[in-house]
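Chain A is the first sequence line, chain B the second, and so forth, proteins listed ahead of strands; every chain is numbered from 1. Given the structure is predicted, the values throughout are model-derived calculations rather than measurements.
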Amino acid sequence: MSEGSVRLATWNVNSLKARLPLLERWMVGTQPDVLCLQETKLADDAFPTGFFSDLGYEVAHHGNGPWNGVAIVSRVGLEEADRGFADDVAGEAETRLVRARCGGITVVCVYVPNGRSVDSEHYQAKLAWLDALHGYVAGTRPAGSDVVVCGDFNVAPSDLDVFDPAFFEGATHVTPAEREAVARLLDLGLEDALRMQYPETGGLFSWWDYRAGNFHKGRGMRIDLILASRSLAERIEWVLIDRNARRGQGSKTEPQPSDHAPVVMGVRK
DNA sequence: ATGGTAGAGCATCTA
């Protein structure tokens with residue numbers, strides 16, 4: 001990209017340790033300036049800081065065990081790192097949020113709880129977590145500054161974002177309450193970067209179940225989002241979902257993919 | 001129209 005732009009990406013890697021071979025190849029090829037990772041599945045003391053510093057990046061990780069775990073990786077500066085919500089919130093121990101200031105942009109990296117099923121307590125916890133996120137994001141004052149909130153939201157914002165709305169009836173990720181929670185985030189002064197570029201294009205998915213050949217059948221959803229504050233959104237040059245990074249499943253010679261593809265955005269400085 | 005996969009880690013649990 002041109003000298004005057006910043007490349008920001010988000011990727012749920014489904015275990016950083018398992019994904020290192022593919023991640024290295026992808027970072028060398030893509031050259032992100034800021035990369036948000038979810039589901040590192042690592043405790044902080046097991047985080048491979050040297051892997052990233054060798055590639056020229058600083059990191060802020062928030063993880064405490066074999067589940068969840070989020071990180072911000074940056075080569076345009078990484079300051080004011082902040083882990084988790086400020087106050088006690090359900091799920092606060094689950095290491096699902098990390099924030100840092102990178103190259104003048106406030107970056108909030110999130111891994112929203114899955115919710116499992118609508119009738120489960122985990123679904124209620126998901127809604128509570130999204131509510132806490134709303135308060136947290138409001139505190140970053142997105143209406144007046146360069147803020148990005150990105151990551152795995154485990155919510156498909158509209159029916160355009162799923163391969164078949166009928167298939168997901170009664171399931172999590174598509175309920176009015178979850179979609180309302182995302183809409184309320186946007187109301188703070190954020191834009192859904194990819195949807196802004198492609199307002200009516202279906203099939204732009206970021207996640208496909210590993211099973212049943214769903215990736216090759218196009219049976220996915222768009223749940224990995226980059227929400228950009230308006231000052232940033234008006235400088236977006238392009239947004240893409242890198243499906244190439246989702247290929248190779250089951251191959252003996254290709255590095256194995258996550259079930260998520262990275263979402264990448266180029267922004268003028 | 002989930003459960004055929006994958007990753008945690010060693011029996012299942014989570015997604």
Which word best sums up how the rings of A/Trp208 and A/Phe205 line up, parallel for under 30°, tilted for 30 to 60°, or perpendicular for over 60°? perpendicular

To the nearest Å, how far apart are A/His122 NE2 and B/dT14 C1'? 10 Å

How long is the line joining CG of A/Asn214 and P of B/dT5, in whole Å? 12 Å

Looking only at the side chain of A/Arg219 (C-beta and beyond, no hydrogens), which of the listed nucleotides B/dA8, B/dA1, B/dT2 gets closest? B/dA1

Would you please confirm or rule out a distance under 4.0 Å between OP1 or OP2 of B/dA6 and any side-chain N or O of A/Gln249? yes

Of A/Gln256 and A/Asp164, the one whose closest DNA chain B nucleotide lies more 5': A/Asp164

Please check if atom CD in A/Glu121 has more than 12 non-hydrogen atoms from other residues, nucleotides or ligands closer than 6.0 Å. no

In whole angstrom, give me the gap between the C1' atoms of B/dT14 and B/dG9. 13 Å

Can you tell me which nucleotide in B/dA8, B/dA6, B/dT2 comes closest to the side chain of A/Tyr210? B/dA6

Any donor-acceptor pair, under 3.5 Å, between the side chain of A/Arg211 and the base of B/dA6, if you only look at N and O atoms? no

Does any N or O in the side chain of A/Arg96 come within less than 3.5 Å of the main-chain N or O of A/Asn68, such that one atom is a donor and the other an acceptor? no

To the nearest Å, give me how far apart CZ (A/Arg19) and C1' (B/dG7) are. 8 Å

Of all the nucleotides listed (B/dG7, B/dG4, B/dG9), which has the minimum atom distance to the side chain of A/Lys217? B/dG4

Within this structure, what is the CZ-to-P distance between A/Phe153 and B/dA15, rounded to whole angstrom? 17 Å

Could you give the NZ-to-C1' distance, from A/Lys17 to B/dA6, as a whole number of Å? 15 Å

Send over the distance from A/Asn114 CG to B/dG7 C1', rounded to a whole Å. 15 Å

Check every strand shown and say whether A/Tyr111 touches a base, only sugar-phosphate, or nothing at a heavy-atom separation below 4.0 Å. sugar-phosphate

Nearest listed nucleotide, side chain of A/Ala212, among B/dA8, B/dA6, B/dG4: B/dG4

Tell me the interatomic distance from A/Arg246, atom CZ, to B/dA6, atom C1', rounded to whole angstroms. 10 Å

Using a cut-off of 4.0 Å on non-hydrogen atoms, how would the nucleic acid contact of A/Arg116 be classed: base, sugar-phosphate, or nothing? sugar-phosphate

Does a side-chain heavy-atom distance below 4.5 Å link A/Asp146 with A/Arg235? yes

Rounded to whole Å, the CG-P distance (A/Leu22 to B/dG7) equals 11 Å

Expressed as a whole number of Å, how far does the C1' atom of B/dA15 sit from that of B/dT2? 13 Å

Whichever of A/Gly213 and A/Thr40 has the more 5' nearest nucleotide on DNA chain B, that residue is A/Gly213

Tell me if a side-chain donor or acceptor on A/Ser206 pairs with a main-chain N or O of A/Asp224 at a distance below 3.5 Å. yes

